[in-house]
**Student:** 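To start, I am sharing the structure in question, which I have written as structure tokens.
All values below were derived from every heavy atom in this structure, side-chain atoms included, with hydrogens, water molecules and symmetry-related copies excluded. Residue numbers begin at 1 in each chain, while the letters A, B, ... track the order of the sequences.
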Amino acid sequence: MNPGVSPALAGVTGSVDLHSTDSAVDLTDKVHLLPCIVRYNGPCPVSDYFKTNITGVEGDGLKVQEAYFRGRRIQGTAVPLPNGYHGYVLGKKDGVKGKELKGSDEESNDWSSYAEFQNITYWNHDDMPSNDDPIMRCFHWFTIADALHKPVTEEDLSTVSNVKHQS
Amino acid sequence: MDSESFPTSLIKWSSDEPCIMGIDEAGRGPVLGPMVYGCMYCPLSYKNTVASLEFADSKTLKEEKREELFENLKLDSCIGWEVDVIDPRELSAKMLKKTKINLNEISHNSAMGLIRRVLDLGVILTEVYLDTVGDADKYRIKISERFPGIKIVVSKKADSIYPIVSGASIVAKVTRDRAVRNWVLSETAENIDGEFGSGYPADPVTKAWLKRNKHFVFGFPSLVRFSWGTCSSYLKDGVEVAWEADEEDADSSSKNTGKRKIKLTNIGISGGHKKGNEAVQSSGKGRCMFLQTRKLELIKQFK
């Protein structure tokens with residue numbers, strides 16, 4: 001991108017490269033969505049401190065896990081991403097591999113995937129996870145997205161035209 | 001909740017003999033480790049013998065003496081005992097719940113849990129003695145209502161007045177000390193050490209340990225009771241963590257309704273990219289109900 005382009009326009013063009021790393025890190029079972037805001041972005045020894053236990057309890061058909069964070073007991077469940085969907089951890093792309101682009105990141109809008117995951121473990125404070133939780137309900141979108149955007153097959157078309165002819 | 005108990009097979013007295021019981025706690029004040037409730041019971045006829053066993057308020061005894069007395073009472077077939085070890089994680093979690101359970105409530109429940117447990121063993125309790133937690137009279141009424149027919153004596157300094165309570169205090173104190181001494185940290189970070197001292201917030205060894213072992217994101221190892229006021233002073237320079245439960249507190253006290261709560265309803269989906277503009281709810285104007293209720297938002301630009 002031109003260095004002269006104003007940051008406001010940076011969102012207009014850009015790229016997301018989902019296959020740029022030679023060996024993508026698999027973060028399945030390691031992506032957690034906590035019921036709080038942690039005002040920090042950066043590396044942190046999660047596995048040393050954040051210990052999750054499978055409780056053996058099942059609620060709403062979900063396997064309940066338990067953990068503690070900052071003294072709070074949280075209960076969560078691992079939600080698989082639906083077939084055909086992948087989770088990615090994206091980072092700003094840089095010419096030099098492994099080196100983060102700092103200071104000038106307003107100018108770049110090119111992203112690449114650093115890790116992938118096939119599930120998300122989301123956590124509630126106090127409450128058991130349930131199918132009524134917002135994150136679970138978000139997954140309803142996938143069905144709608146399919147209906148809206150899935151390529152129409154010939155079969156679909158013929159059904160529609162049949163209906164027309166009948167009426 | 002762990003429990004250890006006197007093997008009932010040792011009971012030498014006949015099962016219809018009325019018994020007295022003392023209950024006491026150890027580790028209520030410390031900022032780390034479990035809180036332990038202990039009880040000791042014996043037949044009414046053994047009461048005077050218990051008084052001669054040199055039990056005294058456990059705090060006035062040396063550790064070796066307490067250990068010795070505990071080992072002796074374990075061997076005494078006329079004395080039964082039970083403990084309720086309340087994990088520090090459980091203490092923190094209850095005190096930091098959305099609907100908070102305070103320490104007095106936790107203490108009351110633990111003490112009453114011990115009475116229940118001993119009754120369930122088939123022991124006929126006629127008198128129970130314990131130190132007060134909160135208002136003595138209210139506490140006595142609360143226990144009496146739960147266990148009608150048992151004479152409940154709630155008194156300040158019960159552990160130095162009634163030998164059966166002194167005995168219970170030894171059971172509790174020795175159990176707590178051993179638990180802290182043998183504590184296995186669940187955290188696997190290599191640099192956490194076990195020199196935490198007495199655990200009292202004023203103990204210089206404890207203070208130094210808290211300072212040395214705090215973590216900027218996770219706070220402390222889960223041995224620490226996060227709900228203790230003293231913790232927040234150590235975490236001042238750590239990463240700020242905001243919970244919905246805290247905001248509800250702030251809301252009810254400052255009448256800052258709605259606005260702050262919305263901040264958190266965002267976090268799942270739109271998290272982070274709205275820095276400085278967090279009070280805007282993720283569902284925008286003119287979007288259909290389906291998307292609004294699921295807090296789904298179109299993100300036009302990564303940041």
**Student:** May I ask you to name which of Gly219(B), Ser227(B), Cys231(B), Pro88(B) has the most heavy-atom pairs under 4.5 Å with chain A?
**Tutor:** Gly219(B)

**Student:** Might you point out which heavy atoms bring Phe218(B) and Val46(A) nearest each other, and give the distance in Å?
**Tutor:** CZ-CA, 3.7 Å

**Student:** Among Ala189(B), Ser222(B), Ser92(B), which residue forms the greatest number of heavy-atom pairs with chain A at distances under 4.5 Å?
**Tutor:** Ala189(B)

**Student:** First locate atom OH of Tyr49(A), then atom NE2 of His215(B), and finally report the distance between them rounded to the nearest 0.5 Å.
**Tutor:** 5.0 Å

**Student:** Would you indicate whether Lys63(A), at its atom NZ, is surrounded by more than 12 heavy atoms from other residues, nucleotides or ligands within a distance under 6.0 Å?
**Tutor:** no

**Student:** Supply the atom-to-atom distance Asp246(B) CG to His125(A) NE2, rounded to the nearest 0.5 angstrom.
**Tutor:** 8.5 Å

**Student:** Is Arg294(B) close to His140(A) at the side-chain level, that is, under 4.5 Å between some pair of heavy atoms?
**Tutor:** yes

**Student:** What residue in Leu91(B), Val217(B), Leu185(B) has the most heavy-atom pairs under 4.5 Å with chain A?
**Tutor:** Val217(B)

**Student:** Tell me, yes or no, whether the heavy-atom count around Lys142(B) atom NZ, taken from other residues, nucleotides or ligands under 6.0 Å, exceeds 12.
**Tutor:** yes

**Student:** Just say parallel, tilted or perpendicular for the rings of Tyr40(A) and Phe216(B), cut-offs at 30° and 60°.
**Tutor:** perpendicular

**Student:** Between OG of Ser186(B) and CG of Asn53(A), what distance do you get to the nearest 0.5 Å?
**Tutor:** 8.5 Å

**Student:** Other residues, nucleotides and ligands only: do more than 12 of their heavy atoms fall within 6.0 Å of CZ on Arg212(B)?
**Tutor:** yes

**Student:** Closest heavy-atom contact between Leu96(B) and Arg70(A)?
**Tutor:** CD1-O, 3.9 Å

**Student:** If you take all heavy atoms of Thr188(B) and Ser47(A), which pair is closest and at what distance?
**Tutor:** OG1-O, 3.9 Å

**Student:** Mind ranking Glu187(B), Met95(B), Arg89(B), Arg225(B) by heavy-atom pairs under 4.5 Å with chain A and telling me who comes out on top?
**Tutor:** Arg89(B)

**Student:** Please flag which part of Phe69(A) lies under 4.5 Å from any non-hydrogen atom of chain B: side chain, backbone, both or neither.
**Tutor:** both

**Student:** Kindly compute the distance separating CH2 (Trp243(B)) from CG (Asp126(A)), expressed to the nearest 0.5 Å.
**Tutor:** 9.5 Å

**Student:** Which atoms of Ile192(B) come close to chain A, meaning under 4.5 Å heavy atom to heavy atom: side chain ones, backbone ones, both, or neither?
**Tutor:** side chain

**Student:** Report the distance from atom CG of Asn191(B) to atom CG of Asp48(A), rounding to the nearest 0.5 Å.
**Tutor:** 8.5 Å

**Student:** Can you tell me how far the NZ atom of Lys94(B) sits from the CZ atom of Arg73(A), to the nearest 0.5 Å?
**Tutor:** 9.5 Å

